[in-house]
Amino acid sequence: MAHPVDVHVGKRIRHRRWLVGMTQQQLAEAVGIKFQQIQKYETGANRVSASRLWDIAEALDVDISFFFEGLGKEEEIAKPGNLPVDIIGDKEALDLVRSYYAIPENQRRRLFDLARVLSEVA
């Protein structure tokens, strides 16, 4: 059974990796391990040693404290109709934001207006 701290740290590793647009393979190569180990860290199946977390922080260009931010706060589960506490931590939301900003500005504005109307109807 994974420890909640290991799960949290793993989620933060995945979150930062997504934000910088790095694959598991790229991160693994940067720290000198196999990508399967990154998978295990991200799920919390394996604990990350202090020295390995240091290497990961350097590879992801973030302070090591980043991996512990939000630890011990309220449950990060969304209630119906509310946003998750860590909306950018959700891969689907992050992909949506990246795609949204790839759309030309005039079309993006129209899409935004449509989304606003649809959310009011729901």
Side-chain angles (χ1 to χ4, degrees):
M1 188 79 165
H3 191 281
V5 173
D6 299 325
V7 172
H8 180 84
V9 168
K11 284 181 181 179
R12 298 292 290 174
I13 291 171
R14 183 176 60 242
H15 170 78
R16 180 63 182 174
R17 182 176 59 75
W18 285 343
L19 285 176
V20 299
M22 189 180 283
T23 66
Q24 288 179 337
Q25 182 66 40
Q26 291 168 326
L27 179 56
E29 289 172 3
V31 297
I33 60 176
K34 303 230 183 255
F35 81 92
Q36 291 93 337
Q37 188 62 41
I38 297 296
Q39 289 176 328
K40 292 176 183 178
Y41 289 155
E42 290 184 355
T43 61
N46 283 10
R47 287 186 174 159
V48 185
S49 69
S51 58
R52 183 61 46 84
L53 192 58
W54 183 269
D55 293 340
I56 290 171
E58 285 188 346
L60 295 174
D61 193 30
V62 70
D63 190 79
I64 201 161
S65 63
F66 170 84
F67 302 112
F68 299 97
E69 290 174 4
L71 193 61
K73 290 188 178 177
E74 286 185 32
E75 193 69 28
E76 295 182 11
I77 298 173
K79 295 177 184 172
N82 293 334
L83 294 175
V85 173
D86 185 12
I87 188 77
I88 298 300
D90 179 37
K91 185 175 185 340
E92 184 179 10
L94 184 58
D95 288 343
L96 181 61
V97 169
R98 283 183 179 152
S99 297
Y100 176 79
Y101 282 104
I103 298 170
E105 187 174 350
N106 61 337
Q107 293 174 343
R108 190 170 61 224
R109 185 68 192 159
R110 291 171 50 201
L111 178 61
F112 179 79
D113 292 339
L114 174 63
R116 185 178 303 168
V117 168
L118 290 173
S119 68
E120 292 170 359
V121 172

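Checked against salt bridge (charged side-chain N to carboxylate O under 4.0 Å, His left out), D63 has no partners two or more places apart in sequence or in another chain. A search for side chain to side chain contact (heavy atoms under 4.5 Å, CB included) contacts involving T23 returns Q25, Q26, not counting sequence neighbours.
Looking at every heavy atom in both residues, A28 comes nearest to K34 through CB-C, 3.6 Å. The two residues A2 and G44 have their closest heavy-atom pair at CB-O, 3.3 Å.
Heavy atoms of other residues, nucleotides or ligands lying less than 6.0 angstrom from CZ of R110 number 12 at most.
Taking CG of L60 as the reference point, atom CZ of R14 lies at 13.0 Å (rounded to 0.5 Å). Here the straight-line distance linking atom CZ of R16 with atom CG of D61 works out to 6.0 Å at 0.5 Å rounding. Here CD1 of I33 is found 3.5 Å from CD1 of I38. Values are rounded to the nearest 0.5 Å. One finds the CD atom of Q107 at 11.5 Å from the OH atom of Y100 (value rounded to the nearest 0.5 Å). Remark: H15 NE2 to L19 CG distance equals 4.0 Å, nearest 0.5 Å. To the nearest 0.5 Å, atom CZ of residue F112 and atom CD1 of residue I103 are 12.5 Å apart.
Residue pairs meeting the salt bridge (Lys or Arg N to Asp or Glu O under 4.0 Å) criterion with at least one partner in residues 39-53, sequence neighbours excluded, are D6-R47, R17-E42.
The cationic atom of R12 (NZ for Lys, CZ for Arg) lies less than 6.0 Å from the six-membered ring centre of F66 and within 45° of the ring axis. Judged by the 6.0 Å distance and 45° axis criteria, R108 is not positioned over the aromatic ring of Y101.
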I13/L27 under side-chain contact (heavy atoms from CB on, under 4.5 Å): CA gap, chis, key distance, verdict: CA-CA 10 Å; I13 291 171; L27 179 56; 4.0 Å; yes
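Hydrophobic clustering (ILVMFWY, side-chain heavy atoms < 4.5 Å, transitive): W54 and F68 are in one cluster. A chain of hydrophobic side-chain contacts below 4.5 Å, direct or via other Ile, Leu, Val, Met, Phe, Trp or Tyr residues, connects I64 to V20. Following chains of ILVMFWY side-chain contacts shorter than 4.5 Å, one can reach L71 starting from V62, so the two form part of one hydrophobic cluster. Residues L96 and L111 fall into different hydrophobic clusters, defined by Ile, Leu, Val, Met, Phe, Trp and Tyr side chains chained together at heavy-atom separations under 4.5 Å.
Side-chain contact between V48 and F67 is absent, with no heavy-atom pair separated by less than 4.5 Å.
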